[in-house]
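Comments concern the structure below.
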Amino acid sequence: MARFLRLALVAIGLIGRCLAAHPVLATTLDEIYQSQTIVTGQGEENRQTGFRDCLDRVLVRVSGDQRLLDKPEIADLRDKAGSFVDAFRYHDRLEGIPIHDEQGTHDRPHDLTCFYKPEVIDKVLASLGSRPWLGDRPTLAVFLVAEQGARHFVLSAEEQRGETMRESFVNATGPMLIHVAFPKAAQLAGLGEKALRAADMARLDRQAKHVGGAQALAGSIVWSDKELGWIADWRLADRGKTYRWQARGVSFDEAFRVAIRGAVQILSGNGQP
């Protein structure tokens, strides 16, 4: 029995080291070939609107290519969006909250989740000149400088001022099945604001391994009174090239969505965000 326990502990240790060395989380086809949106009630008109939105989302989710939605052919595909859905389900976002006298069930917001067969979506992607990105979605270690007036800080896992930013960043990852990790303050030794802005991506990619990420996503967000929002700059290295992209005058929720969409665009092999 003792020998069995020793072997079990060795096996657990080996698994842990493998996971640490390869910070990606496996994704299944079922997870990839589905999408979700919010609709009002379960009526047919709103359902068709939801089907159109879900089609947009699943095409980008599967391919990683944000540019697909700008193609002229997408309009015809949206008109028959429901024909691509294999199954769907609703979840009442106000579940457990009684219906008010003046509000019927048709007024209540629902999550609409659509499920698709891979061969159906792959054919749609091929018609748009695209292809599925079926590799495991990596964990990105986030190195972020935030600046709002006199308030400056580097985002860490413990930084109290960055709590809502971390939550928002995590929320941005869901639709694309990407994951993020935040460095602890101790892991940012020698990486203050100036050093982080100037650090090359090779150094940050090495540091990302200690954070639990496959590679680094670096950036800064600066509040601009002129833009009435945040200016966000992002960097990510892939296949020997460092990519840069930006958003201006956005909320930090949108700044982080731009970060994730850009990272996915690059990692899926679809080029510059």
Side-chain angles (χ1 to χ4, degrees), residues 27-94 104-135 137 168 171-178 229 232 245-251 253-273:
T27 51
T28 67
L29 286 181
D30 285 344
E31 290 175 305
I32 294 173
Y33 287 88
Q34 64 175 266
S35 58
Q36 186 179 91
T37 190
I38 299 174
V39 296
T40 303
Q42 300 183 34
E44 179 64 22
E45 182 177 351
N46 289 331
R47 183 183 304 134
Q48 294 304 321
T49 299
F51 284 164
R52 289 191 286 272
D53 192 27
C54 279
L55 178 64
D56 285 0
R57 291 170 182 264
V58 78
L59 292 176
V60 173
R61 182 186 181 97
V62 174
S63 69
D65 190 354
Q66 321 296 314
R67 297 167 299 188
L68 292 181
L69 305 186
D70 296 326
K71 293 199 170 188
E73 303 96 313
I74 201 73
D76 290 337
L77 293 171
R78 288 180 183 132
D79 287 342
K80 51 184 178 181
S83 68
F84 304 121
V85 177
D86 182 52
F88 64 91
R89 71 178 179 215
Y90 288 104
H91 174 257
D92 187 346
R93 294 175 66 86
L94 300 179
T105 56
H106 64 283
D107 294 321
R108 292 165 72 89
H110 288 70
D111 292 321
L112 170 63
T113 303
C114 292
F115 304 89
Y116 302 86
K117 290 183 177 179
E119 59 271 22
V120 172
I121 293 301
D122 290 356
K123 185 176 180 180
V124 174
L125 289 175
S127 74
L128 294 169
S130 187
R131 65 195 187 287
W133 174 40
L134 300 180
R137 308 292 168 104
S168 179
N171 289 339
T173 65
M176 301 308 304
L177 296 175
I178 287 285
W245 64 106
Q246 186 186 76
R248 302 182 68 88
V250 297
S251 67
D253 290 327
E254 179 61 15
F256 301 147
R257 286 191 289 264
V258 167
I260 295 300
R261 289 196 296 260
V264 167
Q265 180 88 12
I266 296 162
L267 296 172
S268 60
N270 285 297
Q272 179 67 40

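Taking Phe51 as the reference, Phe88 meet the ring pair (Phe, Tyr, Trp, His ring centres under 6.0 Å) condition, with sequence neighbours excluded. The side-chain hydrogen bond (donor to acceptor under 3.5 Å, both in side chains) test applied to Ser251 returns no partner, not counting sequence neighbours. Scored by the side-chain contact (heavy atoms from CB on, under 4.5 Å) test, Val124 finds Leu59, Leu77, Phe84, Ser127, Leu128 as partners (sequence neighbours excluded). With sequence neighbours excluded, no residue forms a side-chain hydrogen bond (donor to acceptor under 3.5 Å, both in side chains) with Arg89. Residues meeting the side-chain hydrogen bond (donor to acceptor under 3.5 Å, both in side chains) test with Asp111, sequence neighbours left out: Arg93. Legend: residues meeting salt bridge (charged side-chain N to carboxylate O under 4.0 Å, His left out) with Arg52, ordered by chain and number and at least two apart, are absent. The salt bridge (charged side-chain N to carboxylate O under 4.0 Å, His left out) test applied to Glu44 returns Arg47, not counting sequence neighbours. Not counting sequence neighbours, the partners of Asp122 by the side-chain hydrogen bond (donor to acceptor under 3.5 Å, both in side chains) test are Tyr33.
Asp92 contributes atom CG, which lies 4.0 Å from atom CZ of Arg108 (distance to the nearest 0.5 angstrom). To the nearest 0.5 Å, atom CD of residue Gln34 and atom CG of residue Asp86 are 12.0 Å apart. Rounded to the nearest 0.5 Å, atoms CG (Leu55) and CD1 (Ile121) are 6.0 Å apart.
Screening residues 264-273 for salt bridge (charged side-chain N to carboxylate O under 4.0 Å, His left out) gives no qualifying pairs among residues at least two apart or on separate chains. For residues 258-273, the set of pairs meeting the side chain to side chain donor-acceptor pair (under 3.5 Å) definition, not counting sequence neighbours, comprises Asp65-Gln265, Glu254-Arg261, Ser268-Asn270. Under the salt bridge (charged side-chain N to carboxylate O under 4.0 Å, His left out) criterion, no residue pair touches residues 262-273, with sequence neighbours excluded. The list of salt bridge (charged side-chain N to carboxylate O under 4.0 Å, His left out) pairs with a residue in residues 70-81, not counting sequence neighbours, reads Asp56-Arg78.
With contacts defined as side-chain heavy-atom distances shorter than 4.5 Å, the pair Leu112/Ile38 does not qualify. Proximity of Ser35 to Phe115: side-chain heavy atoms (C-beta onward) are nowhere separated by under 4.5 Å. The side-chain heavy atoms of Trp133 and Ser63, taken from C-beta on, include no pair separated by under 4.5 Å. Inter-residue side-chain proximity for Val39 and Tyr90 is flagged as met; some heavy-atom pair is nearer than 4.5 Å. Here the side chains of Leu68 and Leu125 are in contact, with some heavy-atom distance below 4.5 Å. When side chains are defined from C-beta on, Cys114 counts as touching Tyr116, because their heavy atoms get closer than 4.5 Å. Counting only heavy atoms from C-beta outward, the side chains of Glu31 and Thr28 approach each other to under 4.5 Å. Using a 4.5 Å cut-off on side-chain heavy atoms (C-beta onward), Val60 and Val264 make no contact.
When every heavy atom of Gly269 is checked against every heavy atom of Arg131, the shortest pair comes out as O-NH2, 4.0 Å. Taking each heavy atom of Leu94 and Pro109 in turn, the nearest pair found is CD1-CD, 3.7 Å.
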Dump the intermediate steps for side chain to side chain donor-acceptor pair (under 3.5 Å) on Asn46 and Thr40, then the final yes or no. CA-CA 6 Å; Asn46 289 331; Thr40 303; 5.0 Å; no

Full working for side-chain contact (heavy atoms from CB on, under 4.5 Å) between His91 and Thr113: CA-CA 8 Å; His91 174 257; Thr113 303; over 6 Å; no

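At distances below 3.5 Å, at least one donor-acceptor pair connects side-chain atoms of Arg137 with backbone N or O atoms of Met176. No donor-acceptor distance shorter than 3.5 angstrom exists from the side chain of Glu119 to the backbone of Lys117, with no hydrogens or angles considered.
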